[in-house]
Amino acid sequence: MNRRLLVGVVGFIVVLAMLPVGVFGIGLMVARSGNLPVEPGSTLAEGRVTLISESLTNAFVIRIDDGVVLIDAGVSPEGMVEALAAVDVDPQDVRAVFLTHGQYDHVGGLDAFPGALIYAAEAEIPLLTGRAIPQSPAGQFIGPNDAHVSLQQALHDGDEVMVGDLKVTAYLLPGYTMGSMAYLAAGVLFLGDNAGAAADGSIKQAPWVFTADRAQNHASLVALRDRLPAQRVTGLAFGRTGSLSSVEPFLAYGR
């Protein structure tokens, strides 16, 4: 093969191989631009809820009567164990994990909690099991990911689950992914990557580069805003931004 042609072919292959990394990196910059800063170890609900952060992704620890409940499970088992240790939580104390969606950076640490009950939306099962890929611009490059998860319960909109003394209410929010969920627990609305807090304290919808259907994401947030039992909400928690200690910014979203 002509040397110049060979160099060109190799260069083209390298570019193709690096394309997903570049898209993901650009996506992370977009997702983090203008956000309220994340403060690992910060708390909501009078200290009952603690933010932990691993590889730029948030998860949340909720204290219950006989252990803790997690909202999302981070990128890796090792990273989650380290993040939990920083707030004095042993992985064996994790009784349940509620997944806001099935993208790898929210499910990658599940293997650290083999005894925990796992909950997610029924509509998210194809993404969780690798039978579907995220239908977002970045997701087309990232590809499928099988989390090897066995759900204790496949959740639907409005379902309520008791774990110890904690009641968790599930709200289906299709748009970011088709089975994205928010959870209301301990007075905190956990929105995952469905929305975020801007630096000025306002709510912004999910970044387009990781969102399957941006219009549907917006519509789902507005619908939740209008049906939310606001008197029960004392804080807002997000997958990639800092938290807010009031429901008012969410009630103002989209108005």
Side-chain angles (χ1 to χ4, degrees), residues 42-52 57-74 80 83-84 87 89 91-103 106-107 109-110 112-125 127-128 147 149-195 220-221 223-239 243-247 250:
S42 60
T43 63
L44 293 167
E46 299 181 341
R48 190 177 185 186
V49 175
T50 304
L51 183 157
I52 60 176
T57 300
N58 298 339
F60 294 88
V61 175
I62 309 174
R63 312 276 175 172
I64 62 173
D65 51 3
D66 65 342
V68 302
V69 167
L70 290 182
I71 305 295
D72 286 326
M80 284 298 292
L84 287 171
V87 294
V89 173
Q92 294 184 7
D93 294 332
V94 177
R95 303 290 178 255
V97 182
F98 288 81
L99 302 173
T100 59
H101 62 287
Q103 291 179 351
H106 290 252
V107 303
L110 284 174
F113 318 112
L117 308 176
I118 311 299
Y119 298 88
E122 181 174 27
E124 199 72 345
I125 290 175
L127 195 60
L128 287 166
V149 59
S150 177
L151 298 182
Q152 171 69 16
Q153 181 179 341
L155 298 175
H156 303 88
D157 185 57
D159 281 352
E160 295 183 344
V161 177
M162 292 296 302
V163 183
D165 63 341
L166 180 72
K167 181 170 76 170
V168 181
T169 304
Y171 298 99
L172 187 63
L173 294 180
Y176 185 72
T177 65
M178 291 304 100
S180 289
M181 278 200 146
Y183 299 104
L184 178 58
V188 177
L189 182 64
F190 299 91
L191 284 156
D193 288 353
N194 294 290
S220 292
L221 292 172
L224 178 58
R225 177 202 71 192
D226 292 342
R227 67 184 285 208
L228 190 70
Q231 71 278 5
R232 292 170 48 196
V233 182
T234 61
L236 304 170
F238 310 94
S243 304
L244 296 170
S245 57
S246 170
V247 71
F250 188 66

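Summarising the geometry, atom CZ belonging to Arg48 is positioned 11.0 Å from atom CZ belonging to Arg63; distances are rounded to the nearest 0.5 Å. The CG atom of Leu128 lies 11.5 Å from the CD atom of Glu122; values are rounded to the nearest 0.5 Å. Distance check, rounded to the nearest 0.5 Å: CZ of Arg232 to CG of Leu189 gives 10.5 Å. Rounded to the nearest 0.5 angstrom, Asp165 CG and Asp65 CG are separated by 4.0 Å. Taken from NE2 in His106 to CG in Asn58, the straight-line distance is 8.0 Å, to the nearest 0.5 Å. One distance of note links CD of Gln92 with CZ of Phe113; it measures 11.5 Å at 0.5 Å rounding.
Remark: the backbone N or O of Asp66 is paired with a side-chain donor or acceptor of Arg95 at under 3.5 angstrom. Of the possible donor and acceptor atoms, none in the side chain of Asp159 sits under 3.5 Å from a partner among the backbone N and O of Ala170. Using a distance-only test at 3.5 Å, with no hydrogens or angles considered, no donor-acceptor pair links the side chain of Thr57 to the main chain of Gly74. Although no hydrogens or angles enter the test, the distance criterion places a donor-acceptor pair under 3.5 Å between the side chain of Asp72 and the main chain of Thr100.
The closest side-chain heavy-atom distance from Leu166 to Ile62 is below 4.5 Å. Taking 4.5 Å as the limit, some side-chain heavy atom of Ser243 sits within range of a side-chain heavy atom of Phe60. In this structure the side chain of Leu99 reaches within 4.5 angstrom of the side chain of Val107, judged on heavy atoms. At a threshold of 4.5 Å between non-hydrogen side-chain atoms, the residues Val69 and Phe98 count as touching. Using a 4.5 Å heavy-atom cutoff, the side chains of Val233 and Leu184 are in contact. A heavy-atom distance below 4.5 Å is not found between the side chains of Leu236 and Leu44. Leu191 places a side-chain heavy atom less than 4.5 Å from the side chain of Leu173. No side-chain heavy atom of Ile118 sits under 4.5 Å from any side-chain heavy atom of Gln153.
Ring centers of Tyr171 and Tyr183: at least 6.0 Å apart, outside the cut-off.
Taking a cutoff of 4.0 Å between a charged side-chain nitrogen and a carboxylate oxygen, Arg227 and Asp157 qualify as a salt bridge.
For the residue pair His101/Asn194, the side-chain donor-acceptor check at 3.5 Å is not satisfied. Side chain to side chain, Thr177 and Glu124 meet the donor-acceptor criterion of an N or O pair below 3.5 Å.
Closest of all the heavy-atom pairs between Pro174 and Ser220 is O-OG, 2.6 Å. Nearest heavy-atom pair, Ala121 versus Leu172, reported as atom, atom and distance to 0.1 Å: CB-CD1, 4.1 Å. Scanning both residues, Ala186 and Thr234, for their nearest heavy atoms gives O-OG1, 4.5 Å. Taking each heavy atom of Leu84 and Pro91 in turn, the nearest pair found is CD1-CA, 4.5 Å. Annotation for Val168 and Ala185: closest pair CG2-CB, 3.9 Å, computed over non-hydrogen atoms. Of all non-hydrogen atoms in Val188 and Ala237, the two that sit nearest each other are CG1-CB, 3.9 Å.
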Using the side-chain contact (heavy atoms from CB on, under 4.5 Å) rule, take Val163 and Leu117 through it: C-alpha gap first, then chi angles, then the decisive distance, then the call. CA-CA 9 Å; Val163 183; Leu117 308 176; 5.7 Å; no
* **side-chain contact (heavy atoms from CB on, under 4.5 Å) between Leu228 and Phe250, intermediate numbers included** => CA-CA 10 Å; Leu228 190 70; Phe250 188 66; 4.0 Å; yes
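Ser42 pairs in a side-chain contact (heavy atoms from CB on, under 4.5 Å) with only one of the listed residues (Ile52, Val49, Leu51), which is Leu51.
At most 12 non-hydrogen atoms from other residues, nucleotides or ligands lie less than 6.0 angstrom from CD of Glu46.
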